[in-house]
Each structure stands twice: as structure tokens, then as C-alpha cells.
Trainee: 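The structure is given below, and queries will be raised subsequently.
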Amino acid sequence: GRLTTAYTIGATVGPALGGVLGASGDLYRGARLAVFFSLVSVALSCLLPGGVVAKTTAAASKGGVARTLDIATRPAVLPLLLTKVIGSVAASMHGTAFPLVMTQRLGLDAKALGAAMSA
């Protein structure tokens, strides 16, 4: 719940704020701010109380890599994993090409690109 909420807020506010900061001319200011808040989130995660962190059972940690490969290569699971990998590669290609198309083909500036990326 909390992690999904934080990720959603960051994915919405981050590009918009980065676009506004990038429009001022200093592209490194947004990057520095992103690194700073990432380090703050790491520090806050380390300060979580012990009851919040999920505990693994002995049965769940048995087997290691061999157990994972056994599960991943099952006939019912392998097509799902391949679909996930193909979808992830396509999403990555889109995430890389989208800002290039928006700036080079459509002429958006940094502020407008940030607003489009956060929408």
C-alpha cells in the first residue's frame, strides 16, 4: 500500500518537477534533487521498525537458485515469464524513445516534456 502510493506520487511529481527545473537551464539541478531524495528514502527505509519488514520463513528460503530455476522452467510458468520479459523490453523501448520523439519531432521544451511524462 505505502510503497505503491509512494511510487505513484514519485512517478507523477518527479517528471513534472524535473521539467520545471530543467526549463530553468540547469539540467543537473533536477538530477541532484532526485539523488538527494533517493538517499533520504534509503535512510528512512533503514529506520523502519522491525515489525514492518516482512520476515522470511525457513521453508520460503530453502532451495535458493536451484528452486527458483525449477519453478521458472515449469511449462505453466515459462510462457508467463517470457511474456513479462517481452512486455518489459517493449516498455523500456517506449520509455527511451518517448522523450526523444516529444522533444525532437514535436518540439516540446523541458517543462512541457516533464508535464507530458507525468501525465
Trainee: Nearest 0.5 Å, please: how far is CG in Leu39 from CG in Leu44?
Mentor: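 It comes to 11.0 Å.
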Trainee: Taking atom CZ of Phe98 as the centre, does the number of heavy atoms from other residues, nucleotides or ligands within less than 6.0 Å exceed 12?
Mentor: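 Yes, because the 6.0 Å sphere around CZ of Phe98 holds more than 12 heavy atoms from other groups.
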Trainee: Starting at CZ of Phe37, measure out to CG of Leu17 and round the result to the nearest 0.5 Å.
Mentor: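 It is 8.5 Å, given to the nearest 0.5 Å.
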Trainee: Any chance you could measure Ile9, atom CD1, to Thr4, atom OG1, to the nearest 0.5 Å?
Mentor: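 Here the interatomic distance stands at 11.0 Å.
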Trainee: If you look at every heavy atom in Pro15 and Ala11, which pair is closest and at what distance?
Mentor: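 Looking at all heavy atoms of both residues, the shortest contact is CD-O, 3.2 Å.
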Trainee: Just jot down the side-chain hydrogen bond (donor to acceptor under 3.5 Å, both in side chains) partners of Ser24, sequence neighbours excluded, or say none.
Mentor: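 Checked Ser24 against side-chain hydrogen bond (donor to acceptor under 3.5 Å, both in side chains); matches are Arg29.
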Trainee: What are the two closest heavy atoms between Leu113 and Pro99, and how far apart are they?
Mentor: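 Smallest heavy-atom distance, with atoms named: CD1-CA, 3.9 Å.
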Trainee: Membership question, hydrophobic clusters at under 4.5 Å side-chain separation (ILVMFWY): are Leu21 and Phe36 in the same one?
Mentor: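 Looking at the clustering, Leu21 is in the same group as Phe36.
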Trainee: Working to the nearest 0.5 Å, report the span between CD1 of Ile71 and CG of Leu81.
Mentor: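 So the CD1 of Ile71 and the CG of Leu81 are separated by 10.5 Å.
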Trainee: Using atom types as modelled and distance alone, determine if a side-chain donor or acceptor of Ser118 lies under 3.5 Å from a backbone N or O of Gly114.
Mentor: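 Answer holds: yes.
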Trainee: Flag the pair Lys84 / Leu80 as yes when at least one side-chain heavy-atom distance between them is below 4.5 Å, and no otherwise.
Mentor: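 No, every pair of side-chain atoms sits at 4.5 Å or beyond.
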Trainee: Show me the pairs that pass salt bridge (Lys or Arg N to Asp or Glu O under 4.0 Å) and involve residues 105-119, at least two apart or across chains.
Mentor: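 Applying salt bridge (Lys or Arg N to Asp or Glu O under 4.0 Å) to every pair that reaches into residues 105-119, excluding sequence neighbours, yields nothing.
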Trainee: Of the non-hydrogen atoms in Ser41 and Ser38, which two are nearest, and what is the gap between them?
Mentor: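 Looking at all heavy atoms of both residues, the closest pair is OG-O, 2.7 Å.
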